[in-house]
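So you know, we letter chains A, B, ... as the sequences are listed, proteins then strands, and number each from 1.
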There are 2 protein chains.
Amino acid sequence: MKQLQPEYTCAIDLVIDIIGGKWKVLILWNLNEGPKRFNELKRSMPEITQKMLTQQLKELQEHGLVSRTALGESHVEYATTDMGKKLQPVLFKMCR
Amino acid sequence: MKQLQPEYTCAIDLVIDIIGGKWKVLILWNLNEGPKRFNELKRSMPEITQKMLTQQLKELQEHGLVSRTALGESHVEYATTDMGKKLQPVLFKMCR
DNA sequence: CAGAATCCTGTACGATACTG
DNA sequence: CAGTATCGTACAGGATTCTG
C-alpha cells in the first residue's frame, strides 16, 4: 500500500494519486450505498469502460480503499474498506 | 475564472484541475515566502522547464490564485492572490 | 459474470532553440 | 529577463475483441 514516504514530497501528490483521475471518486460514490458486483457497478456508471473499471478498482484495492471478495464462481463483490469509509465523508462533503 | 458550475459534477474534479498536475502546488509553495520574479521562481525549481513554468503560472492566474505584475521592461513579479493565500494553509497543512 | 488482451488516440509534459 | 515556438515522448484513457 502506498504511504506518504518517501516518493511523495507533498501529501497532495498522494491524494491526487489516490483519488485523482477520472473515475475513482465516482466509484467510491457508487460503493457508498453498499457492496456491489462488478457488472452492477458497470451499470451504475454507463460511460466507464470495462478496462477502466477493472483498472481503477485494482488501484483502489492497492490503496486500501476498496475490498474485493469472491463469493462464487462468477460472483465478485466490491465494497469500501474501513479506510474508504473514513475517506468518503471528506470527499462527499465537497460534492453536491 | 473557473467556477463550480456547470461542467464539474464533483468539486474534487475542480480541485484537481486547480492544484493538480506536477507543478502547481510547488509553485504556490515557492510563492509562499513572498513575491518572486520569473527567473527567481525558475531557480527555486531547477527541474521545471520554462515552458511548464510559463504555462502553469498562466493557469494559476486564470484560476485567480496568482497575480502577475510588470514592474519594468524586463521585470515581472508573481505573487499569491488573497484567494491563493486562503488556499495555502489548506494545502500546506498536508505537506511536510 | 468478471474480467484479460490488443490496439489506438489525446494530451500532459519535456527538450531545445529562438526573441523583444 | 521573461518569455514563444516547435518538436518529440510517455502515459492515461478509450474501443473492441476474446475467454474461463
Given protein heavy atoms under 4.0 Å, the one-letter contact record of nucleotides 13-18 of chain C, with B base, S sugar-phosphate only and - none, is simply BBB---
Span of DNA chain D engaged by chain A, first through last nucleotide within the 4.0 Å heavy-atom cut-off, is D:dG13 to D:dG20
When rounded to whole Å, the CG to C1' distance for the pair A:Leu71 and C:dA2 reads 13 Å
Rounded to whole Å, the OH-P distance (A:Tyr78 to C:dC1) equals 14 Å
Step through the shown structure and confirm whether more than 12 heavy atoms of other residues, nucleotides or ligands are within 6.0 Å of NZ on A:Lys86.
-> no
When every non-hydrogen atom of A:Arg68 is compared with those of A:Tyr78, the smallest separation belongs to NE-OH, 3.4 Å
Minimal heavy-atom distance between B:Ser74 and B:Arg37, with the atoms involved, is O-NH2, 3.1 Å
Residues A:Leu28 and A:Gln88: closest non-hydrogen pair is O-NE2, 3.3 Å
In whole angstroms, the gap separating C1' of C:dC1 from CG of A:Leu41 amounts to 13 Å
Between B:Met83 and B:Gly64, the two heavy atoms sitting closest are CB-O, 3.8 Å
For A:Asp17 and A:Lys24, the nearest pair of non-hydrogen atoms, with its separation, is O-NZ, 3.6 Å
Between CZ of A:Arg37 and P of C:dC1 the distance, given in whole Å, is 7 Å
Taken to the nearest whole Å, CD/A:Glu77 to P/C:dA2 is 10 Å
Sorted by chain and residue number, the salt bridge (Lys or Arg N to Asp or Glu O under 4.0 Å) partners of A:Lys36 (sequence neighbours excluded) come out as A:Glu33
To the nearest angstrom, the CG-P distance between A:Leu57 and C:dA2 comes to 11 Å
A:Leu53 CG to C:dA4 C1', in whole Å, measures 14 Å
The single option from A:Ile19, A:Ile27, A:Thr81, A:Thr80 that satisfies side-chain contact (heavy atoms from CB on, under 4.5 Å) with A:Leu60 is A:Ile27
